[in-house]
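Step one of this worksheet: look at the structure below.
Source: prediction; values computed, not measured.
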Amino acid sequence: MPAYMIVNLEVKDPVAFDQYKSRTGPLIVKHGGEFLVRGGKLTVLEGDWKPGRVVIVRFPDAAAAQAFYDDPEYKPLIALRQRAAKTDLVVVEGA
């Protein structure tokens, strides 16, 4: 069953965040991930949620999403992202 990594970011340091983005894509592909949404215009139709930059990545399954997150190559990038942006990140299984 596919799993979707949904990320909401409030970018604080655009230069550092660009470094993060450029190095993360190949790791996502390595784990079978595919970007479905990578920023872009959004419209809130209901509720109080005020997302910043939204990213959605589809993985073959939750295990692949977890393997990406746990990849030793990704660990320093997590630290870079956390310095560059406030992040909410979840993985949800779906169709």
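Pairing each heavy atom of Ala67 with each of His31, the nearest pair is O-CE1, 3.6 Å. Taking every heavy atom of both residues into account, Ala84 and Ala16 meet most closely at CB-CB, 3.8 Å. Between Pro51 and Leu42, the closest heavy-atom pair is CG-CD1, 3.7 Å. In plain terms, the two heavy atoms of Gly32 and Pro60 that are nearest each other are O-CD, 3.3 Å. In plain terms, the two heavy atoms of Ala85 and Lys12 that are nearest each other are C-CE, 3.8 Å.
Rounded to the nearest 0.5 angstrom, Tyr20 OH and Ile78 CD1 are separated by 7.5 Å. The line from CG of Leu89 to CD of Gln82 is 10.0 Å long, rounded to the nearest 0.5 Å. Rounding to the nearest 0.5 Å places OG1 of Thr87 at 11.0 Å from CZ of Arg53. A distance of 6.5 Å separates NZ in Lys21 from CZ in Arg38, rounded to the nearest 0.5 Å. Distance check: Ile28 CD1 to Met5 CE gives 7.0 Å after rounding to the nearest 0.5 Å. Taking CZ of Arg81 as the start and CG of Leu9 as the end, the distance is 7.0 Å to the nearest 0.5 Å.
Note: the hydrophobic cluster containing Val7 does not contain Val90 (ILVMFWY, side chain heavy atoms under 4.5 Å, direct or indirect links). Residues Val92 and Val54 are members of one and the same hydrophobic cluster, defined by side-chain heavy-atom contacts under 4.5 angstrom among Ile, Leu, Val, Met, Phe, Trp and Tyr. Phe17 and Val57 end up in the same hydrophobic cluster when Ile, Leu, Val, Met, Phe, Trp and Tyr side chains are linked at under 4.5 Å. Phe59 and Val29 sit in two unconnected hydrophobic clusters of ILVMFWY residues. Membership requires side-chain heavy atoms under 4.5 Å apart, directly or through other members.
The shortest side-chain heavy-atom distance between Val37 and Val55 does not fall under the 4.5 Å cut-off. Proximity of Asn8 to Trp49: side-chain heavy atoms (C-beta onward) are separated by under 4.5 Å at one or more points. When side chains are defined from C-beta on, Leu77 counts as touching Leu27, because their heavy atoms get closer than 4.5 Å.
Contact check on Lys30 versus Asp71 returns a salt bridge, with a Lys/Arg side-chain nitrogen under 4.0 Å from an Asp/Glu carboxylate oxygen.
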Inset, instruction - Show your working on side chain to side chain contact (heavy atoms under 4.5 Å, CB included) between Leu80 and Arg23 and close with a plain yes or no. - result: CA-CA 11 Å; Leu80 177 60; Arg23 295 171 58 195; 4.3 Å; yes
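Using the six-membered ring where Trp is involved, Tyr74 and Phe68 have ring planes that are tilted, between 30° and 60° apart.
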